[in-house]
There are 2 protein chains.
Amino acid sequence: MNDDVMDLRARNKQSTREAISHAALRLAIEQGPHGLALVRVHDIATAAGVSPRTYNNYFSSRAEAICAFQADQAGRAGQALRSRPADEPLDQAVIAAMIELYTDPEPDRAGLRMIMSTPELEGEALKAFSMAEGPLAEAIAARTGTDPARDLFPAVTAAAIAGAIRVAGRHWLEPGTTGSFATVLRGALSCVVPAAPPQAPSPTR
Amino acid sequence: MNDDVMDLRARNKQSTREAISHAALRLAIEQGPHGLALVRVHDIATAAGVSPRTYNNYFSSRAEAICAFQADQAGRAGQALRSRPADEPLDQAVIAAMIELYTDPEPDRAGLRMIMSTPELEGEALKAFSMAEGPLAEAIAARTGTDPARDLFPAVTAAAIAGAIRVAGRHWLEPGTTGSFATVLRGALSCVVPAAPPQAPSPTR
DNA sequence: GCACTAGATGCGTGACACGCAAGTTGTGTA
DNA sequence: TACACAACTTGCGTGTCACGCATCTAGTGC
């Protein structure tokens, strides 16, 4: 996709981006879901070692900065699915790919709880998860030999996968839930991902 | 749910809310997806016949006001599913209920395009669609006799349904798509909603 | 008819996103 | 190595916004 060897510029850019989003998430966690308003842009920028103006060059809202990690991770979903062997059934490939992507390492409970149970972050969190949908749909279409422009199956399945991951996360955060995130995720995904697309493609036009 | 007879206060409140959200959506459509920033709070309030301060008593952001109709509609999804006969298979009930909810009347293309293809509105639009999930999950659990606290099936399916509706909307807006929204919606939903929950409930703990 | 309460409005404040222009640091070339 | 160019950072100024608070208005119930 892109060179393993990035420019110094690109690497600096990447690392300040990570510094900002990491600082934003850390400060948000410190204040908790009810004190989000207390996390000022100035604090995030200072904690990341940049000026407030630079923070705004990278993110146009606090929510975006806080959820950047989730968004980046979701953006890798398509690639994760493509890396599975082509002869694997769709459901098994999806489950294996998503478990690898989302449990290596096991998610940080505090961070996940922050972005998933803070009303002000809800929209941005949904946006982050939905970033997986486009690439996922393409990967599904490629794997199943369906034409995404004519058949809704890839896009719908991608949306269902993103939704299942979200639901799994929410459930995993509930008090009393034992078991690894991988187990929960497998259970959620197996509810909605078929082994193969339906024979009669859904008509679209 | 609530009395058919609302008091005058409640009716006024409801109509003010609708006036504001309607004005917000109308002005947004006038400016188009690329001119959203030109829609000022003051304009919305004036168009709705209230003061800017009152606008803020109802909505805490322009996006929220613009997407209020979608959010309200999504909030009725659970009720729509419950109104289907109890002996109908899950998939047929869901499809019938969602088609009734979302095609009576046929959606307004301009409005739907506005909220679904404007980046600044994306988060709020996703939030609006996701408002269907909670009630839908409860209705699904009730219909299938599953315990939502122990089985992920209802919540995952609800999320998949919301996602399918979203994808159907996006597809229906694409140029070159003929056919009613009902047709597209049926095709999308039939990709992910099973006739019955899987025999072995997904383990959750 | 009257006291009470929910909602509407005006004002003031703190924060934020972003355009602009200047300064700083990395890159490719002679 | 030196230099010209491009990318990135920063400070400043501006317009907008969300919201707390106090006040006024209109609907409700006795």
Side-chain angles (χ1 to χ4, degrees), chain A residues 2-24 27-28 31 33-68 118-124 127, chain B residues 2-24 27-28 31 33-68 118-124 127:
Chain A
N2 50 15
D3 293 334
D4 278 0
V5 187
M6 303 166 68
D7 267 18
L8 215 208
R9 280 224 175 105
R11 268 181 289 137
N12 282 341
K13 209 172 165 182
Q14 174 83 1
S15 82
T16 54
R17 184 185 157 87
E18 281 169 13
I20 296 174
S21 72
H22 187 267
L27 292 178
Q31 298 295 332
H34 302 295
L36 215 189
L38 302 179
V39 179
R40 309 261 179 253
V41 165
H42 176 265
D43 303 330
I44 299 174
T46 301
V50 298
S51 81
R53 187 62 185 84
T54 298
Y55 149 90
N56 244 4
N57 286 339
Y58 283 84
F59 302 102
S60 58
S61 76
R62 268 168 309 177
E64 196 183 331
I66 294 172
C67 298
T118 303
E120 293 106 312
L121 295 179
E122 196 182 339
E124 198 64 32
K127 224 165 118 179
Chain B
N2 49 16
D3 292 334
D4 279 359
V5 189
M6 305 165 69
D7 49 359
L8 218 206
R9 282 228 175 100
R11 268 181 290 135
N12 282 341
K13 205 171 169 180
Q14 174 81 2
S15 80
T16 309
R17 185 186 156 84
E18 281 170 12
I20 296 175
S21 72
H22 188 266
L27 292 178
Q31 297 297 331
H34 303 294
L36 214 188
L38 303 179
V39 179
R40 309 262 181 253
V41 165
H42 176 265
D43 302 331
I44 298 175
T46 302
V50 298
S51 80
R53 187 64 185 82
T54 297
Y55 149 90
N56 247 359
N57 285 339
Y58 284 84
F59 302 102
S60 58
S61 75
R62 267 168 309 175
E64 196 182 332
I66 294 171
C67 298
T118 303
E120 293 106 313
L121 260 38
E122 196 183 338
E124 198 64 33
K127 225 164 114 179

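We name chains A, B, ... by the order of the sequence lines, and we start the count at 1 in each one.
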DNA chain D: Arg40(B) or Asn12(B), which has the more 5' nearest nucleotide?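 Result of the comparison: Arg40(B).
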
Measure from [atom1] on [X] to [atom2] on [N] and round the result to the nearest Å.
X        : N       : atom1 : atom2 : result
Ile20(A) : dC8(D)  : CD1   : C1'   : 12 Å
Arg11(A) : dT25(C) : CZ    : P     : 17 Å
Asp7(A)  : dC8(D)  : CG    : P     : 9 Å
Phe59(B) : dC17(D) : CZ    : P     : 16 Å
Tyr55(A) : dG11(D) : OH    : C1'   : 18 Å
Lys13(A) : dT24(C) : NZ    : P     : 21 Å
Asn57(B) : dC19(D) : CG    : P     : 10 Å
His42(B) : dC17(D) : NE2   : C1'   : 14 Å

Verify, without hydrogens or angle tests, whether [X] (side chain) and [Y] (backbone) share a donor-acceptor contact under 3.5 angstrom.
X         : Y         : result
Arg62(A)  : Phe59(A)  : no
Ser61(B)  : Glu64(B)  : yes
Thr118(A) : Leu121(A) : no
Asn12(B)  : Arg9(B)   : no

Tell whether Arg9(B) reaches the base of dT5(C) with its side chain through a donor-acceptor pair below 3.5 angstrom. yes

Along DNA chain C (nearest heavy atom to each residue), the more 5'-positioned of Val41(A) and Arg53(A):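 The answer here is Val41(A).
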
On DNA chain C, does the nearest nucleotide to Thr16(B) precede the nearest nucleotide to Ala10(A) from the 5' side, or the other way round? Give the residue.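 The residue mapped nearer the 5' terminus is Thr16(B).
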
Can you tell me if Thr54(B) touches the phosphate of dT9(C), counting only side-chain N or O atoms and a distance under 4.0 Å to OP1 or OP2? yes

Short side-chain N/O contact to dA18(D) OP1/OP2 from Asn56(B), under 4.0 Å: yes

Restricting to non-hydrogen atoms, name the atom on Ala47(A) and the atom on Leu27(A) that form the minimum distance, rounded to 0.1 Å. CB-CD1, 4.1 Å

For Tyr58(B), report the nucleic acid contact type (base, sugar-phosphate, nothing); a contact means any heavy atom under 4.0 Å.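 Contact class for Tyr58(B): sugar-phosphate only.
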
